[in-house]
S.K.: 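The structure under discussion is supplied below as structure tokens; questions concerning it will follow.
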Amino acid sequence: MAKLNLGVLLSGNGRTLQNIINRIKKGELPAQVRVVVSSREDAGGVVIAKKEGIDVFVVSPQQLRGDTFSEKIASILSKYEIDLVIMAGFLHFFKISEKYQGKVLNIHPALIPSFCGKGYYGHYVHEAVLKSGVKISGCTVHFADNTYDNGPIILQKTVPVMDDDTPQTLAERVFTAECEAYPEAIQLFARGRLKIVGGKTLILEE
Ligand code: GAR
């Protein structure tokens with residue numbers, strides 16, 4: 001199987017990036033991370049990308065606003081002939097151009113359509129989950145469209161919410177599920193098993 005060229009967008013610690021790199025190294029993902037784009041110079045993900053010898057660019061939403069921000073990212077991705085864009089804790093709006101429609105994945109640390117949308121990221125998600133009293137949470141991998149945390153869902157994994165959870169303990173449990181869900185979704189994409197029909201993702205038999 002031909003290797004997928006991945007472009008990873010991130011803003012934070014980069015644990016999602018590290019997990020994908022680890023899976024590739026173990027031979028579990030037919031892919032290579034060609035380029036990383038960070039919205040912050042000081043993101044942990046930038047350090048990881050450099051350590052792994054991956055080309056990394058910082059595109060600041062403070063310096064490039066609106067469409068220019070997204071166009072800059074798209075122009076970097078184009079140079080690396082990216083097959084699939086992975087949003088890995090990318091906390092800004094990336095307007096997806098025609099070229100990348102159906103080729104951008106996002107992971108959200110809750111069960112979409114709950115606890116998602118603008119402002120729901122990182123610990124804010126888990127605080128809202130705990131405040132609501134729901135008994136399960138989890139993560140969602142979906143094709144991204146041009147609305148925050150929206151687009152056809154590929155897969156979801158659930159975790160229990162415990163009575164004594166803090167946002168941190170719940171985040172850790174959800175992140176463990178994320179580390180399984182994202183590689184699984186990328187693998188399905190690589191095998192050509194995902195088909196978007198009427199706003200939903202069908203997983204095709206092999
Ligand atoms: C992950 O938990 C991811 O689900 C979340 O940010 C974290 C990134 O961690 N994404 C969102 O909240 C997007 N709405 P990382 O920087 O260590 O990979």
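Each ligand, and each atom within it, is numbered from 1 in the order the structure gives.
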S.K.: Output yes when a side-chain donor or acceptor of N106 lies under 3.5 Å from a complementary backbone atom of A144, and no otherwise.
M.R.: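 No: the side chain of N106 does not pair with the backbone of A144.
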S.K.: Which atoms of ligand 1 sit under 4.0 Å from any heavy atom of I107?
M.R.: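 Atoms satisfying the 4.0 Å criterion: 4 (O), 10 (N), 13 (C).
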S.K.: Evaluate whether atom OH of Y124 has more than 12 neighbouring non-hydrogen atoms of other residues, nucleotides or ligands under 6.0 angstrom away.
M.R.: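 Counting other residues, nucleotides and ligands, OH of Y124 stays at 12 neighbours or fewer.
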S.K.: Tell me which one of K118, E178, H108 gets a heavy atom nearest to atom 1 (C) of ligand 1.
M.R.: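 It is E178 whose heavy atom sits nearest to atom 1 (C) of ligand 1.
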S.K.: Could you check whether any side-chain N or O of N5 sits under 3.5 Å from a backbone N or O of R34, counting only pairs where one atom can act as donor and the other as acceptor?
M.R.: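 No.
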S.K.: Identify, by atom number and element, the atoms of ligand 1 in contact range of Y120, meaning under 4.0 Å from any of its heavy atoms.
M.R.: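 With Y120 as reference, the close atoms of ligand 1 come out as 14 (N).
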S.K.: Could you list the atoms of ligand 1 found under 4.0 angstrom from a heavy atom of G89?
M.R.: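 Those atoms are 6 (O), 8 (C), 10 (N).
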S.K.: From atom 16 (O) of ligand 1, work out which of V8, L17, N13 has a heavy atom at the shortest distance.
M.R.: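 The nearest heavy atom belongs to N13.
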S.K.: Show me which atoms of ligand 1 lie under 4.0 Å from any heavy atom of G122.
M.R.: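 Listed by number with element, the hits are 12 (O).
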S.K.: Report yes if the side chains of F90 and S39 come closer than 4.5 Å at any heavy-atom pair, otherwise no.
M.R.: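 F90 reaches S39 side chain to side chain.
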S.K.: Below 4.0 Å, non-hydrogen atoms only: which portion of D149 touches ligand 1? Side chain, backbone, both or neither.
M.R.: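 Just the side chain.
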S.K.: Can you tell me which residue and heavy atom of the protein come closest to atom 18 (O) of ligand 1, and the distance to 0.1 Å?
M.R.: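 Minimum-distance protein heavy atom for atom 18 (O) of ligand 1 reads T16 OG1, 2.6 Å.
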S.K.: Looking at R193 and I203, would you say the former's side chain and the latter's main chain have a donor-acceptor pair under 3.5 Å?
M.R.: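 The answer is no, because no donor-acceptor pair under 3.5 Å joins these two groups.
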S.K.: Hey, does G45 sit under 4.0 Å from ligand 1 if you only count heavy atoms?
M.R.: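 Judged by the 4.0 Å heavy-atom criterion, G45 does not count as contacting ligand 1.
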S.K.: Is the number of heavy atoms from other residues, nucleotides or ligands under 6.0 Å of K157 NZ greater than 12?
M.R.: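 Yes, enclosed.
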S.K.: Counting neighbours of OH on Y121 that are heavy atoms of other residues, nucleotides or ligands and sit closer than 6.0 Å, is the number greater than 12?
M.R.: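 No.
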S.K.: Among all protein heavy atoms, pick the one closest to atom 11 (C) of ligand 1 and tell me residue, atom and distance.
M.R.: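 Here the nearest protein heavy atom works out to P109 CD, 3.6 Å.
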S.K.: I'd like to know whether N19 forms a side-chain hydrogen bond (donor to acceptor under 3.5 Å, both in side chains) with Y182, so could you lay out the CA-CA distance, the side-chain angles of the two residues, the decisive distance to 0.1 Å, and finally the verdict.
M.R.: CA-CA 9 Å; N19 178 52; Y182 226 166; over 6 Å; no
S.K.: Would you check the N or O atoms of F90, main chain and side chain alike, for any that come under 3.5 Å of an N or O of ligand 1?
M.R.: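 There is no such contact.
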S.K.: Under 4.0 Å from a heavy atom of R15: give me the atoms of ligand 1 that qualify, with their elements.
M.R.: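 Checking each atom against R15, I get 9 (O), 15 (P), 17 (O), 18 (O).
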S.K.: Distance under 4.0 Å to a non-hydrogen atom of G12: what atoms of ligand 1 satisfy this?
M.R.: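 Selected atoms, number and element: 16 (O).
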S.K.: Are the side chains of F94 and P61 in contact, using a 4.5 Å heavy-atom criterion?
M.R.: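 They are not in contact (no side-chain heavy atoms under 4.5 Å apart), so the answer is no.
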